[in-house]
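For reference, the structure discussed in these notes is given below.
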Amino acid sequence: MAFGCWVGVVVLLSVWPSVRCSDLPRGAIETACRDRYLLVTTQLSFAGNKPRFEAVDADGVHPITKQYGSECGYMFSILPLRGHAELRASYFSCHTDNQDDEVFTFSFNLITIDANGVEATYSVTATCSLPLPWSPREVSCEENYMEVSMRSDVSCLSGTTDAWTAALAHSSATSTWQVMFQQEGQQLIPMSFSEARELGYVFHLTRGRLVFRSPYTPRSVMGSINGSVVEVVHPILFSRQRWVVMMVDWIVACSTNEGMYDGAGLVWQTPTLLSPLVSGLSGLESSKISMGVDGQLLDEPITAERGYSLDISDTTVQISIPFNAAGGYRKSFVMDNMYREFYVVHLYYEQIFLDDCGVETRLRLHRPMNTPLLIQHLSIINQTVLEDRVFTVYLGNLSYDVDLVVVKLNGHDFTIPEANKSGLVITMVPQPNSTLHAYILRVPFEDAVVHKLYSPEGLLQFSLDINYTLVILPQEEPFYYLASVVAQFNDVFPPVFKGICNEKSISFQMDHKSFDYLWEVGVGPYILTTNLAAKLGYIMQNDSKSLNLEVPLFSVGYTYKDINLKQFYGSFEIHSRLPKTLEVKSSLAKACLFQTTEVIVCSTEGVVTVVTDVTLAIPGAEPNGTFLLDSTCRPQETDDTRVLFSFGLHTCGTRVQHVTYENDINVEHKSQSVNAPVKSRDTASVVTVRCVYPLSDLYKLFAYWRFEADSPGVGTILTRVPVKSKCSVVVQLKRVVKLLQLFTPDSLSNHSISAHLSTHYPHHHQKTVDLHNYFQHRP
Ligand SMILES: *[C@@H]1O[C@H](CO)[C@@H](O)[C@H](O)[C@H]1NC(C)=O
Ligand SMILES: *[C@@H]1O[C@H](CO)[C@@H](O)[C@H](O)[C@H]1NC(C)=O
Ligand SMILES: *[C@@H]1O[C@H](CO)[C@@H](O)[C@H](O)[C@H]1NC(C)=O
Ligand SMILES: *[C@@H]1O[C@H](CO)[C@@H](O)[C@H](O)[C@H]1NC(C)=O
Ligand SMILES: *[C@@H]1O[C@H](CO)[C@@H](O)[C@H](O)[C@H]1NC(C)=O
Ligand SMILES: *[C@@H]1O[C@H](CO)[C@@H](O)[C@H](O)[C@H]1NC(C)=O
Ligand SMILES: *[C@@H]1O[C@H](CO)[C@@H](O)[C@H](O)[C@H]1NC(C)=O
Ligand SMILES: *[C@@H]1O[C@H](CO)[C@@H](O)[C@H](O)[C@H]1NC(C)=O
Ligand SMILES: *[C@@H]1O[C@H](CO)[C@@H](O)[C@H](O)[C@H]1NC(C)=O
């Protein structure tokens, strides 16, 4: 073989491009000598989409067109699936140099066209030595022609009587060779070779063989043998040489059945005996049948391994090639957002017949077959198990060239690595007994992408809409597949609390249920967390079974009412709500009766209620002798040691200290005369009570002359214990008692928390300041 090249004429190009033979990429043009033809292949990547060939001989160049190829023994096709174009040239093709039917020399021009329309011509030459000896008769059923060649000295030939009669009748007229085409029910009309050539029939005589070639034409006889379509051409040559009439009776028959798709693969049938080949021959028998693909026969172990089957009965031969079996070409693509595919295989078939003289007829057949456009139905299986609380969705029936690249879950895109990072699991699994594969997607119900729907009837629904983006490789053509899964639970209700009154606290208890996580447990506007509980002094115990919360009396969140010296109600509310809507779904306000010891409550209405033990400040002081700065304000209740006062912020002489409202509890001096006025110089004030309100409430106060706070005040009771000394009474801060506060939306700032904590754990500095204030007011 040899390649030569030059660059051909170009359309509208000012520059003459040049290609040197050394530029030929590897495999750009290849040739191979097969049993009965030369195969020339050229890669489309090199030759462009529309390469063509010309046959070259001493007479010049002969473009191989469709028609010309079918008459002259050339089969050219472009095979995009394989990425190449191929030319099969019969050893008896018109422009091939034939030396003794043994050595065949071919010469072609390959004309390529690149993307810019530039044509280049490469010369291809090849020489083949016959790989396999000729059989006496050989029939080649190419895609575009039928060819028969016979040894010219076969002794056992015989003709039909009709033909003899016709040949004798016409032979008187001429001594040159004539040809008649026998057709059923038609008169035999002789014609010259040139007339026959014009009809597309080619006859030629080589050194040892007679060759006849015919395109598949409407003139050929179409017959049906047991459901198989067979095309037959039956020429009879004759010539009269003096008293001898020589006659050659030829026949060429090819089965032209198309391959069929039977749902599993491609099936092709042919009659076991092509009766036209038999006609006139006695005892023709089929002796050997072989199959292969792409113009080459395959050994049986290989065909078996690939799943091909060859069934030979007395009447028919049936060949089946399973879908996507090796040796064929499969193509998948997207149409109308559907995954489509087809499969193509180029069947090669050989059958050997023997007649009773032992003369062999060898038939070879090329048959391209393809499936129709098939839709691969993907399968979606909902493998969700409610108890696992994970959506498990199986997407199957994906061909090996289909990849999952993105899942859109309720509108959120995740690539596969992203999904993996986000706690979703996508695994690829092979499908048993097939080349298909599948993906399993797992999305926990709790995942943020899952839509949750809760109705107060106790119905909880999780839903997930999936839009799979799949691509077909290698072109990465995308298509989409949709699926939806839903999971429903009944009798799902918010957590329920039990409240228990203790001596100095309220306890709440909640048993955990499956869907508790849907709700948040709230105290006031805050979510109950370990952190919050620690900050506010709540005692929380949470294990897998239940949550226990103990809220000590006077801690943040309590409200109080009906305070008297004996007892009061303290209540604390805990609730559960849906996080998004903040809608309270269940709440428990537990009110408990507590023993009163010391209390100060600064209400949002601006009322201070205080119970305190005055004897701590002045031992032996009479509680019923106490009064506020305004001495007409007397305790509402007293017992042996304690007093209960309740007064408005603008009454009883309460001092406004910026945002601090303060009052003193005074005690009468007993040592003075009994009828001494209550408000005497000797009056000692022993307890200062104080409410501190936010500044904003103060502005309101001035604007409306009416008290109405957004948030309750912070109360303090300062009890001063007199200490006897030589020259004066030194008042000492004994303790800062209680601070009571209710929640307000903005009050869980550092300020209120620290205020709260500092009252519980007053540090030294604060004591000093309080004392200092005291002495300023009471010099
Ligand atoms: C067609 O098939 C039948 C049996 O199915 C057989 O008897 C007959 O010989 C066959 N004909 C040909 C031409 O093969
Ligand atoms: C999966 O593909 C097979 C054929 O490959 C088909 O029989 C089956 O019905 C498909 N499954 C679904 C759910 O479409
Ligand atoms: C997801 O990540 C895990 C490790 O975190 C890995 O084992 C697994 O193969 C990954 N899956 C995919 C589909 O990438
Ligand atoms: C796969 O093939 C094996 C044996 O070939 C068979 O036992 C099994 O049932 C097949 N499985 C499926 C899912 O078809
Ligand atoms: C699925 O996702 C693709 C890509 O984002 C989009 O074009 C398509 O409209 C989606 N299909 C549906 C039904 O949402
Ligand atoms: C999927 O499976 C779950 C659990 O078995 C079931 O509740 C649900 O109805 C199924 N169907 C859909 C469409 O999600
Ligand atoms: C209590 O513990 C459970 C797990 O045992 C947890 O889901 C829940 O969030 C915890 N509750 C609080 C308020 O910390
Ligand atoms: C206070 O109570 C005592 C006895 O409990 C009584 O003797 C005294 O008169 C009362 N004083 C006033 C001012 O009510
Ligand atoms: C609370 O106070 C601490 C220290 O006093 C400070 O670092 C922090 O930023 C404060 N937080 C807020 C929300 O003001």
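This one's a predicted model, so the numbers in the text were calculated from it and none came from an experiment. Counting convention: from 1, in listed order, for ligands and their atoms alike.
- Ligand 7 is never approached by Ile527 to a heavy-atom distance shorter than 4.0 Å.
- At least one N or O atom of Asn382, backbone or side chain, sits closer than 3.5 Å to an N or O atom of ligand 6.
- One side chain, Glu457 or Ser455, offers a donor N or O that lies under 3.5 Å from an acceptor on the other.
- When hydrogens are left out, the protein atom nearest atom 13 (C) of ligand 6 is Ser484 O, 3.9 Å; that is the closest non-hydrogen contact.
- Between Tyr560 and Phe554, the gap from one ring centroid to the other is short of 6.0 Å.
- Remark: ligand 5 and Asp413 share no N or O pair separated by less than 3.5 Å (distance only, no angle test).
- In this structure, atom 4 (C) of ligand 7 has no protein heavy-atom contact shorter than 4.0 Å.
- By the criterion of a heavy-atom distance under 4.0 Å, neither the backbone nor the side chain of Thr529 is placed next to ligand 7.
- In this structure, Arg389 is positioned above the aromatic face of Phe515, its NZ or CZ under 6.0 Å from the six-membered ring centre and within 45° of the axis.
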task = Might you work through the ring-ring contact (aromatic ring centres under 6.0 Å, His included) test for Phe493 and Trp519, ending with a clear yes or no?
result = CA-CA 10 Å; Phe493 294 102; Trp519 287 273; 8.6 Å; no

task = Take Phe445 and Val390 through the test side chain to side chain contact (heavy atoms under 4.5 Å, CB included) and record every step on the way to the result.
result = CA-CA 5 Å; Phe445 292 172; Val390 175; 5.6 Å; no

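- Taking the six-membered ring for Trp, Phe572 and Phe508 have ring centres closer than 6.0 Å.
- Of all the atoms in ligand 7, the ones that sit under 4.0 Å from a non-hydrogen atom of Asn542 are 1 (C), 2 (O), 3 (C), 8 (C), 10 (C), 11 (N), 12 (C), 14 (O).
- For Phe462 and Phe391, the ring centers sit 6.0 Å or farther from each other.
- Residue contacts with ligand 7, taken as heavy atom pairs separated by less than 4.0 Å, involve Leu528 solely via the backbone atoms N, CA, C and O.
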key: Working for ring-ring contact (aromatic ring centres under 6.0 Å, His included), residues Tyr558 and Tyr569   = CA-CA 10 Å; Tyr558 268 97; Tyr569 281 102; over 10 Å; no

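- Using a 4.0 Å heavy-atom cutoff, His512 is listed among the residues neighbouring ligand 7.
- In this structure, a donor-acceptor pair under 3.5 Å is present between the side chains of Arg330 and Ser399.
- The residue among Thr384, Asp388, Val486 with a heavy atom at the shortest distance from atom 7 (O) of ligand 6 is Val486.
- Those atoms of ligand 7 that come under 4.0 Å of a heavy atom in Ser544, given as number and element, are 5 (O).
- Ligand 5 has no nitrogen or oxygen under 3.5 angstrom from a nitrogen or oxygen of Thr469.
- Ligand 5 places these atoms under 4.0 Å from at least one heavy atom of Lys408: 2 (O), 5 (O).
- Near Val485, meaning under 4.0 Å from any of its heavy atoms, are these atoms of ligand 6: 14 (O).
- Protein heavy atoms are absent from the space less than 4.0 angstrom from atom 9 (O) of ligand 7.
- Thr596 has its side chain out of reach of Leu644: every pair of non-hydrogen atoms, C-beta onward, lies at least 4.5 Å apart.
- Residue contacts with ligand 5 for Val406 are absent, since no atom lies close enough (heavy atoms, distance under 4.0 Å).
- If you number the atoms of ligand 5 from 1 as listed, the ones under 4.0 Å from a heavy atom of Asn467 come out as 1 (C), 2 (O), 3 (C), 8 (C), 10 (C), 11 (N), 12 (C), 14 (O).
- Here the NE2 atom belonging to His84 is positioned 4.5 Å from the CZ atom belonging to Arg82, to the nearest 0.5 angstrom.
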